[in-house]
Engineer: 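This is the structure I want to talk about, given as structure tokens.
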Amino acid sequence: MSGGGRAITVLNVAEKPSVAKSVATLLSRGQGIRVREGRSRYNKIFEFDYSIRGQHCRMLVTSVTGHLMELDFEDRFRKWHSCDPADLYAAPVRKFVPQDKLDIKRTLEEEARRCQWLVLWLDCDREGENIAFEVINICTVANRNLTIKRARFSALIEREIHDSVQNLIEPNQWFADAVDARQEIDLRIGASFTRFQTMLLRDAFVIDSAADDRNLVLSYGPCQFPTLGFVVERFWEIQSHEPEEFWTINCSHKSEEGIATFNWARGHLFDYTCAVIIYEMCVEEPSATVTRVRQQEKFKYPPHPLSTIELEKRASRYFRMSSEHTMKVAEELYQAGFISYPRTETDNFSARTDLHAIAQEQQGHPVWGSYAQRLLDPSSGLWRNPSNGGHDDKAHPPIHPTKFSGGETNWSQDHHRLYELVVRHFLACVSQPAIGAETTVEIDIAGEQFAATGRVIIAKNYLDVYRFESWGGSVIPTYVPGQQFIPTTLTLDSGVTRPPPLLSEADLLNCMDKAGIGTDATMHDHIKKLLDRFYATKDQNMRLSPTNLGEALVMGYDDMGYKLWKPNLRSMMEFDMRAVSEGAKTKAEVLETCLQQMKACFLDARSNKQKLMEAMAVFFERAARTARDEQHVVGEFVRLCGLCHQSNMVLKRNRDGNFMVGCLGFPQCRNVVWLPGSVSEAVVTANICNSCSPGPVYMIQFKFRRLEIPPNYSVDHLGCIGGCDDTLQQLTEICGTGSRMSARGGGPTPLSSSAQRSNSRQQACSNCRQLGHSSTDCPSVISGTRNSRSRRADQQDGGLSISCNTCGASCPLRTANTSNNKGRKFYSCQSEGCNFFVWEDSLQNGGGRHGANGGASNSGTRSNSLGGRGRGGRGANNAANGTFVSATGDPVTGRCYVCGDPSHFANVCPNRFT
DNA sequence: GCAAGGTC
């Protein structure tokens, strides 16, 4: 201890008890340290002697537990009916110490009175700076003569803490101001909108949530609403998805060395005819030539060091733990000293962290101890300094194990799992990446390109310890350029585009993280709030769907044209907060402009409250209504769902007011029939369709908007959604459906071929777009009188026609009106029962325009041979009885597409020209 | 009874 002068007493205050203990232990080096109780049982006081720049000090180190103060309206504005919610934008607010923090306040006051200095050891972020000023407020009231200093530190490491106390700085008012502004804006917006929408809607509708209606709070918050927005947006995306059938050619080759599966370079085509033409070319000349063999070394890298969000996402993915539960368990492991502080944004270890020492501790573990030993053995070459994830909160290191445990007796399964994850993650991120050798073989069949990839794992490295990740190896036979072979299978397979899945908790955390919604310590709270408020539910796969209540609220604000449910508001606020923390704007400036804007927005929203009411009315019964009206609210029964066979299909209006018939089993069952966008009224009648099965299918009385349908259609129409109704189908093609995304110009999203394979079981019919059957057994083809293709065309072109190659009847030239082929000309046979169909451009130039993935380079001869063969379009599919269409997407043996015989291809089929 | 942010 360096001497000099009289000793002063220094009050040191940290943000939490653990930091107070660390700071005291590091500064005192464990020498002469005394611990005594404060008034709060959690916040001890550590005492020892120290010297700051030659000044002899008696150090007292204690802590708060986060914020000491809260912000709220003055009492007279706290009762909900005490004022107009709009007044909350100007109502006086006050900061006060809540009841449960009074004992900490008292400790600070008492200790401050006998101190000369106050040193603030709060976390070095904006919130920490704000808490520092709360502490300053309390302490300076008790002792006006305090000298106030701030310690700046980025890690609880001995050298860092000593440096910090020898180089004390001033507290940063700008940082604290930014938080003050944030708090006030959050409070005023949150309270005003929450009171407004709760009082407006709670009594107007029968909201069938688990809470007692009287106690139900329909809260609004600048974090919880955008979080809900993400969930609803994904839900709408799924709801509006219209499946689209596509086609792909798969090729495999088996030899003594094994099997190689070749993927088509075009991926997939949405145009069946094009696909079948190309397929036929390949089948006619099936010999494959190896054009290129490429070998590359590939690495799979271990994860970055573990931050809170990554811990939550990974625990959700690997163990199906909710983020809220994960944080609870992590907090307990931290309290017991097994892992480091669990609320951290940092995913980069400081150069001063002794990573080897952390790994050394794990050497004795029965399961991963041997890996830790190998890692620490320099001759293994396994060690690698961890990568830098690029985030640093300047307060805490990445989450890592701090104490060895072989498992404690009082741990639950989740404690074991989480500790194991933290340890394995740490060991993984100081390990070498996995190394693989990848071989890509490209082949050419009749001008079409295919490629197969094989991978051999050369070294698993970090994957040996990180059992949560895997990297598949697949051996393919050896090929050399120029080599020729006949494929073992060559199949034309169908698939259907699929909507994205519901948001998982990990997905949602990702969205929030990217949009800056919440902090690492609060994101899980916002997700839990959605569940607590009955805005969303979570299924057993950790996937989130909005409830009717959640969807209605978002829909209501969206209909007003406000993006209050989008993350933009929070981003704007965050931008302003940054300006305050940098001194570019003052707190008062930001408060004034932001609150002025928000108040205008609030008043406007209130004047548009009808939109909220209408959105709620889509889902909920009006409180005054009788039970008899209930079916109008949930939807009127139309038929039993033909897909899931469990739930009813009901007539409903979607969020844009458009009509649809959807399965009540949604989202488990996604069967939906979108009705033409031109429908203005629709009522289910007692009439039962006598051609659609399984029945009964109740018919619907439609009224169409005159200006939105062609003149030759009637405004009133008694229709059936079972597939028998030509008028309805034509109007759907002409007017489009009322699906949300199509209304907004979005389109279906094609999925990758792997997704297609796993999902193709639930393919949609390409004729009528309904789920539950394929085009080969589509009721609209079976019961209809005309080729399904011509049903989808709406225009006949100037009397041009050709003779049908199949039956000789006349095939008029028409113009397609489908989304993929709008405006494209085709000939189709008029004769009943004949399916002949051919694109005009394929007759003229032997190919030309093709599906979504670009054109083919086939010759005129080949495409004419399609016509000459007399089996166009769907006819070929029917003739082959679905043989080359793999309904399951599973690999099927190559077979002749004409007769279905697996022993030969079509080019040698005896029935080919019959 | 309302927000979001600390933390026990």
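The chains referred to below are lettered A, B, ... by the order of the sequence lines, with proteins before strands, and numbering in each begins at 1. These numbers come from the heavy atoms of this one structure, side chains and all, not from hydrogens, waters or symmetry mates.
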Engineer: Hey, which of these two, A:Phe77 or A:Lys16, hits DNA chain B nearer its 5' end, going by closest nucleotide?
Structural biologist: A:Phe77
Engineer: Counting the atoms with a prime plus P, OP1 and OP2 as sugar-phosphate, which does A:Asp525 contact under 4.0 Å by heavy atoms, base, sugar-phosphate, or nothing?
Structural biologist: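 The answer is nothing, as A:Asp525 stays clear of every strand by at least 4.0 Å.
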Engineer: From B:dA3, B:dC2, B:dG5, pick the nucleotide closest to the side chain of A:His67?
Structural biologist: B:dG5
Engineer: Between P on B:dG1 and CZ on A:Arg195, what's the gap in Å once rounded to a whole number?
Structural biologist: 11 Å
Engineer: Compare side-chain N and O positions of A:His526 against OP1 and OP2 of B:dA3 and report whether any pair is under 4.0 Å apart.
Structural biologist: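 Answer no for this pair, as no side-chain N or O of A:His526 is under 4.0 Å from OP1 or OP2.
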Engineer: Whether the side chain of A:Asp72 and the base of B:dC2 hold a donor-acceptor pair under 3.5 Å is what I'd like checked.
Structural biologist: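 Looking at the base of B:dC2, it does pair with a donor or acceptor on the side chain of A:Asp72 (distance under 3.5 Å).
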Engineer: As a test of reading the structure: which of B:dG1, B:dA3, B:dT7 is closest to the side chain of A:Thr65, going by heavy atoms?
Structural biologist: B:dT7
Engineer: Send over the distance from A:Glu184 CD to B:dA3 P, rounded to a whole Å.
Structural biologist: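 It works out to 17 Å between those atoms.
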Engineer: Any side-chain heavy-atom pair from A:Lys16 and A:Ser63 closer than 4.5 angstrom?
Structural biologist: no
Engineer: Regarding A:Leu71, tell me which of base, sugar-phosphate or nothing describes its non-hydrogen contacts under 4.0 Å with the strands shown.
Structural biologist: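 Answer is base: heavy atoms of A:Leu71 come under 4.0 Å of a base.
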Engineer: Looking at B:dC2, B:dG1, B:dG5, which one has an atom nearest to any side-chain atom of A:Glu127?
Structural biologist: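 Of the options given, the side chain of A:Glu127 lies nearest B:dG5.
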Engineer: Are A:Arg533 and B:dC2 close enough that a side-chain N or O sits under 4.0 Å from OP1 or OP2?
Structural biologist: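 For A:Arg533, the contact criterion (side-chain N or O under 4.0 Å from OP1 or OP2 of B:dC2) is met.
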Engineer: Less than 4.0 angstrom from a charged side-chain N to a carboxylate O is my criterion; do A:Asp180 and A:Lys587 meet it?
Structural biologist: yes
Engineer: I need the CZ-P distance between A:Arg76 and B:dC2, as an integer number of Å.
Structural biologist: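 Atom-to-atom, A:Arg76 to B:dC2, this comes out as 21 Å.
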Engineer: Could you state the atom-to-atom distance from CG of A:Leu68 to P of B:dT7 in whole Å?
Structural biologist: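 From A:Leu68 CG to B:dT7 P: 14 Å.
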Engineer: With a 4.0 Å cut-off, would you call A:Lys599 and A:Asp87 a salt bridge?
Structural biologist: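 Salt bridge flag = no for A:Asp87 with A:Lys599.
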Engineer: State whether A:Ser219 places a side-chain N or O below 4.0 Å from either non-bridging phosphate oxygen (OP1 or OP2) of B:dG1.
Structural biologist: no
Engineer: Looking at B:dT7, I'd like to know if its phosphate oxygens (OP1 or OP2) sit under 4.0 Å from a side-chain N or O belonging to A:Tyr341.
Structural biologist: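 Yes, because at least one side-chain N or O of A:Tyr341 sits under 4.0 Å from OP1 or OP2 of B:dT7.
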Engineer: How many Å lie between CG on A:Leu102 and P on B:dC8, as a whole number?
Structural biologist: 19 Å
Engineer: If the cut-off is 4.0 Å, is A:Gln224 near the phosphate of B:dA3, judged by side-chain N/O to OP1 or OP2?
Structural biologist: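 Answer is yes, contact under 4.0 Å.
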Engineer: Quick one: label A:Pro222 by what it contacts on the DNA or RNA (base, sugar-phosphate, nothing), any heavy atom closer than 4.0 Å.
Structural biologist: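 The answer is sugar-phosphate, as A:Pro222 gets under 4.0 Å only of primed atoms, P, OP1 or OP2.
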Engineer: Establish, from distance only, whether the side-chain atoms of A:Glu134 and A:His67 form a donor-acceptor pair under 3.5 Å.
Structural biologist: yes
Engineer: Could you state the atom-to-atom distance from CD of A:Glu37 to P of B:dC8 in whole Å?
Structural biologist: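 Interatomic distance, CD of A:Glu37 to P of B:dC8: 16 Å.
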Engineer: Base, sugar-phosphate alone, or nothing: which one does A:Glu15 contact when heavy atoms must sit under 4.0 Å apart?
Structural biologist: sugar-phosphate
Engineer: From B:dA3, B:dC8, B:dG5, pick the nucleotide closest to the side chain of A:Tyr42?
Structural biologist: B:dC8
Engineer: Which sits closer to the 5' end of DNA chain B, A:Ile131 or A:Thr194, going by the nucleotide each is nearest to?
Structural biologist: A:Thr194
Engineer: Using a heavy-atom cut-off of 4.0 Å across all strands, would you classify A:Arg182 as base, sugar-phosphate, or nothing?
Structural biologist: base
Engineer: What's the verdict on salt bridge (Lys or Arg N to Asp or Glu O under 4.0 Å) for A:Glu331 and A:Arg343, showing C-alpha distance, side-chain angles and the deciding distance?
Structural biologist: CA-CA 9 Å; A:Glu331 178 67 29; A:Arg343 286 180 283 274; 2.9 Å; yes
Engineer: For A:Leu530 and B:dA3, what is the distance between atoms CG and P respectively, to the nearest whole Å?
Structural biologist: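 After rounding, the reported distance stands at 12 Å.
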Engineer: Heavy atoms only, 4.0 Å cut-off, all strands: where does A:Lys529 land among base, sugar-phosphate and nothing?
Structural biologist: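 If one applies the 4.0 Å heavy-atom cut-off, A:Lys529 turns out to touch the sugar-phosphate alone, with no base involved.
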Engineer: When we call it a touch if two heavy atoms are under 4.0 Å apart, what does A:Gly518 touch: a base, just sugar-phosphate, or nothing?
Structural biologist: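 Counting heavy atoms under 4.0 Å across all strands, the contact made by A:Gly518 is with sugar-phosphate only.
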Engineer: Quick one: which of B:dG5, B:dC2, B:dC8 gets closest to the side chain of A:Cys223?
Structural biologist: B:dG5
Engineer: Hey, does the side chain of A:Arg202 come within less than 4.0 Å of B:dC2's phosphate (OP1/OP2), counting only N and O?
Structural biologist: no
Engineer: Under 4.0 Å, counting only non-hydrogen atoms across every strand here, what does A:Tyr220 touch: a base, just sugar-phosphate, or nothing?
Structural biologist: sugar-phosphate
Engineer: For A:Arg570 and B:dA4, what is the distance between atoms CZ and P respectively, to the nearest whole Å?
Structural biologist: 7 Å
Engineer: Give the ring-plane orientation class for A:Tyr220 versus A:Phe225, where under 30° counts as parallel, over 60° as perpendicular and anything between as tilted.
Structural biologist: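 The rings of A:Tyr220 and A:Phe225 sit tilted, inter-plane angle from 30° to 60°.
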Engineer: Contact class for A:Thr519 vs. all strands (heavy atom < 4.0 Å): base, sugar-phosphate, or nothing?
Structural biologist: sugar-phosphate
Engineer: Could you tell me whether A:Asp103 and A:Arg41 have a side-chain N and a carboxylate O separated by less than 4.0 Å?
Structural biologist: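 No, no charged N to carboxylate O under 4.0 Å.
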